[in-house]
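Atoms within a ligand are numbered from 1 in the order they appear, just like the ligands themselves. Model, not experiment: these values are computed from the prediction.
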Amino acid sequence: MKSKSIKDLFGSVALAGMQLKNRMIMAPMTRARAIGAIPNDLMALYYAQRATAGLIITEGTAPSPNGLGYARIPGIFNDEQIEGWKKVTEAVHNDDGKIFVQLMHAGRVTHSANLPAGAEIVSSSAIAASGNMWTDTQGMQAMELPRAMTKADIENTIGEFVSAAINAIKAGFDGVELHAANGYLLEQFLNPNTNVRKDEYGGTIENRSRFVLEIAQAVIKAIGKEKVGVRISPYGTFNDMQVYAEIPATYNYLVNELQQLDIAYLHMIDFAARATTEGQSLIKSIRKHFSNTLILNGGYDKARAEQALQQDEADLISFGSTFISNPDLPYKLANNIPLTPPDAQAFYTADEKGYTDYAVVNLNEILIATK
Ligand SMILES: Cc1cc2nc3c(=O)[nH]c(=O)nc-3n(C[C@H](O)[C@H](O)[C@H](O)COP(=O)(O)O)c2cc1C
């Protein structure tokens, strides 16, 4: 339940049975270092460096071979991947951190060159995303036409999310975040421009929300509601998502249903919604009707984060790109130390450069600088 007391960005807080060190969450960020889709030692170092976050949410991680969208993103569907992730969770837990894995099925946001043999591009409907996708073997390629999922595909995919969540617990994660934002498979079902199905998974708001809710329900049944969060991005247009008239009604319905499921948290990217009056009302209505933990994200700095907490707009704030280049972000923000800007050229490259080589603040230097 929400606490009405003053929320300090740097103060400890309870989340679904866990005690977080602070209210600063590391947002999920694809970093493309998982060669062969297997998490490795370099990734363990990267996450351990950022263990002072109240909670780390990992990069988007595929629940199945079909879900692998980008080159070198990790999966969590085989034993090698579970073993790889164990190194990550152990490293973070050794540093007293908490970590959820983001389960991201890319759906149509992929290219066949990024998929292993036997995998295929699927979505709610056979509508291609416009735009290009990087592949390691063929360079930039236009995204391809997905196959519309049958009911059997839908059932299988729900099963894949369940297995992935069970694997996540085996790998030592504290929980999973279901990625229903940013134009990936779950949002492809929510949005009527990408979902033109005529069955019970398309058409009405209830039908378009069904896939997300069935996944959430099945995953909760498998690993427990306190271990499941959901990410949404109303009004977001990333990955060729189009804005539609029923956005407020869709998200009000979805969020009310997620409330019934009593999930651990809702993680909302709010920067697109904040830009319109309708979106601002939606954010308020979500805050009002969702009484479990709400995480807000999207361009927050210290001042804006503290303001959002003080005005009770959110319980936790997640930070993305600033965590890339400032592994010790909580320490830096708490002490008003200038931030290092991230090198966007190295966001998705394959090695340690721009990944694990950002300096962690040196206490001696600060003492000298402040003398
Ligand atoms: C390099 C990079 C990779 C990202 N990958 C993901 C991802 O895998 N899953 C996701 O939900 N969001 C992803 N995002 C979005 C971030 O989680 C976050 O919403 C965004 O960066 C805005 O927050 P910020 O202004 O604090 O950076 C990514 C962002 C960046 C910069």
Side-chain angles (χ1 to χ4, degrees), residues 9 23-34 37 39 43 46-47 50 53-63 67-76 99-107 109-110 114 133-134 176-188 190 212 229-239 241 265-275 294-306 308 314 316-327 329-330 332-333 339-350 353-356 358:
L9 185 58
R23 293 179 190 266
M24 293 183 58
I25 309 303
M26 177 172 161
M29 285 178 291
T30 292
R31 300 305 312 276
R33 264 70 176 184
M43 289 165 61
Y46 166 76
Y47 284 113
R50 288 153 182 80
L55 172 68
I56 292 172
I57 303 167
T58 71
E59 63 210 275
T61 299
L68 287 163
Y70 300 97
R72 289 168 270 109
I73 70 166
I76 187 151
I99 183 164
F100 271 42
V101 61
Q102 186 186 54
L103 299 182
M104 172 174 93
H105 191 306
V109 180
T110 186
N114 286 346
M133 165 66 56
W134 172 260
V176 306
E177 175 174 288
L178 304 175
H179 195 354
N182 294 352
Y184 300 102
L185 183 65
L186 274 58
E187 198 185 353
Q188 291 159 31
L190 288 175
V212 177
V230 175
R231 191 169 216 215
I232 57 171
S233 54
Y235 292 93
T237 54
F238 190 53
N239 283 320
M241 285 286 112
Y265 68 78
L266 183 69
H267 187 180
M268 176 159 57
I269 306 168
D270 70 356
F271 59 75
R274 258 191 276 138
L294 179 66
I295 310 176
L296 289 184
N297 167 260
Y300 282 82
D301 59 12
K302 178 180 172 178
R304 173 78 187 104
E306 290 192 318
L316 305 169
I317 303 291
S318 78
F319 297 82
S321 43
T322 43
F323 253 120
I324 290 181
S325 46
N326 302 277
L329 187 64
K332 278 192 173 170
L333 290 193
L339 300 184
T340 306
D343 172 11
Q345 300 298 321
F347 277 176
Y348 309 112
T349 42
K353 204 174 156 293
Y355 187 57
T356 49
Y358 284 106

**Q** Provide, to 0.1 Å, the distance between atom 26 (O) of ligand 1 and the closest protein heavy atom, together with that atom's residue and name.
**A**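 Nearest protein contact, heavy atoms only, for atom 26 (O) of ligand 1 is Gly320 N, 2.7 Å.
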**Q** Going by the atom numbers of ligand 1, which of them fall below 4.0 Å from some non-hydrogen atom of Ala27?
**A**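 Answer, ordered by atom number: 17 (O).
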**Q** Within the 3.5 Å criterion, strictly below it, is a donor on Tyr184 or Asn239 matched to an acceptor on the partner's side chain?
**A**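 Yes.
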**Q** If you measure from each non-hydrogen atom of Phe347 to ligand 1, which part falls under 4.0 Å: side chain, backbone, both or neither?
**A**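 The side chain, only.
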**Q** Starting from atom 10 (C) of ligand 1, find the nearest protein heavy-atom neighbour and note its residue, name and distance.
**A**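 So the nearest neighbour among protein heavy atoms is Arg231 NH1, 3.1 Å.
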**Q** Among protein heavy atoms, which lies nearest atom 13 (C) of ligand 1, and at what distance?
**A**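 Sorting protein heavy atoms by distance from atom 13 (C) of ligand 1 puts Pro28 O, 3.0 Å first.
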**Q** Go through ligand 1 atom by atom and flag the ones less than 4.0 Å from a non-hydrogen atom of Gln102.
**A**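 Every atom of ligand 1 under 4.0 Å from some heavy atom of Gln102: 7 (C), 8 (O), 9 (N), 10 (C), 11 (O).
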**Q** Any sub-3.5 Å donor-acceptor pair from Arg231's side-chain atoms to Leu178's backbone N or O?
**A**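 Here the side-chain-to-backbone pair does not exist.
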**Q** Would you check if the side chain of Ser233 reaches a backbone N or O of Asn182 as a donor-acceptor pair within less than 3.5 Å?
**A**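 Yes, the answer is positive, given that a donor and an acceptor are paired below the 3.5 Å cut-off.
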**Q** Tell me the contacting part of Thr322 for ligand 1: side chain, backbone, both, or neither, using a 4.0 Å heavy-atom threshold, strictly below.
**A**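 Neither part.
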**Q** Any idea which atoms of ligand 1 are less than 4.0 Å away from a heavy-atom of Phe319?
**A**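 The atoms of ligand 1 under 4.0 Å from a heavy atom of Phe319 are 26 (O).
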**Q** So for Gly299, does at least one of its heavy atoms come nearer than 4.0 angstrom to any atom of ligand 1?
**A**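 So Gly299 counts as touching ligand 1.
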**Q** Checking the N or O distance criterion of under 3.5 Å, is ligand 1 in contact with Ser321?
**A**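 Yes; the residue has a nitrogen or oxygen that sits under 3.5 Å from a nitrogen or oxygen of the ligand.
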**Q** Counting distance only, does the side-chain N/O of Ser325 pair as donor-acceptor with the main-chain N or O of Leu339 below 3.5 Å?
**A**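 Not confirmed, Ser325 side chain does not pair with Leu339 backbone.
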**Q** Start with the C-alpha distance between Arg23 and Ile317, add both sets of side-chain angles, then the distance that settles side-chain contact (heavy atoms from CB on, under 4.5 Å), and finish with yes or no.
**A** CA-CA 6 Å; Arg23 293 179 190 266; Ile317 303 291; over 6 Å; no
**Q** Starting from atom 2 (C) of ligand 1, locate the nearest protein heavy atom and write down its residue, its atom name and how far away it is, to 0.1 Å.
**A**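 Result: Tyr348 OH, 3.5 Å.
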**Q** Which atoms of ligand 1 are found less than 4.0 Å from any heavy atom of Asn182?
**A**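 Near Asn182, the atoms of ligand 1 are 10 (C), 11 (O), 12 (N).
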**Q** Is it the case that the side chain of Gln188 and the backbone of Gly183 share a donor-acceptor pair, with hydrogens and angles ignored and the cut-off at 3.5 Å?
**A**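 Indeed, once roles are kept as given, a pair shorter than 3.5 Å links the two residues.
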**Q** May I ask whether Phe323 places a heavy atom under 4.0 Å from ligand 1?
**A**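 For ligand 1, residue contact (heavy atoms, under 4.0 Å) with Phe323 is absent.
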**Q** List the steps and the verdict of side-chain contact (heavy atoms from CB on, under 4.5 Å) for Ile57 and Tyr265.
**A** CA-CA 12 Å; Ile57 303 167; Tyr265 68 78; 3.6 Å; yes
**Q** Please check if the side chain of Arg31 supplies one atom and the backbone of Tyr46 the other of a donor-acceptor pair under 3.5 Å.
**A**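 Not at all, since once roles are kept as given, no pair shorter than 3.5 Å links the two residues.
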**Q** Out of all atoms in ligand 1, which are within 4.0 Å of some heavy atom of His179? Include the element for each.
**A**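 Near His179, meaning under 4.0 Å from one of its heavy atoms, ligand 1 has 9 (N), 10 (C), 11 (O).
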**Q** Report, in ascending order of atom number, the atoms of ligand 1 lying under 4.0 Å from any heavy atom of Gly60.
**A**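 Checking each atom against Gly60, I get 8 (O).
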**Q** Is there a donor-acceptor pair under 3.5 Å between the side chain of Arg50 and the backbone N or O of Ile324?
**A**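 Looks like yes, one N/O pair under 3.5 Å.
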**Q** Taking non-hydrogen atoms only, is Asn297 closer than 4.0 angstrom to ligand 1 via side chain, backbone, both or neither?
**A**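 For Asn297, the contact with ligand 1 is made by the side chain alone.
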**Q** Starting from atom 30 (C) of ligand 1, which protein heavy atom do you reach first, and at what distance in Å?
**A**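 The closest one turns out to be Met29 CG, 3.8 Å.
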**Q** Say whether, by atom type as modelled, one donor and one acceptor occur between the side chain of Thr58 and the main chain of Gln102 under 3.5 angstrom.
**A**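 Pair found, side chain donor or acceptor close to backbone of Gln102.
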**Q** Which option out of Thr58, Ile25, Thr30 puts a heavy atom nearest to atom 5 (N) of ligand 1?
**A**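 It is Thr30 whose heavy atom sits nearest to atom 5 (N) of ligand 1.
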**Q** Check whether any side-chain N or O of Glu187 sits under 3.5 Å from a backbone N or O of Pro234 as a donor-acceptor pair, and report yes or no.
**A**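 Judged by distance alone, no pair lies under 3.5 Å.
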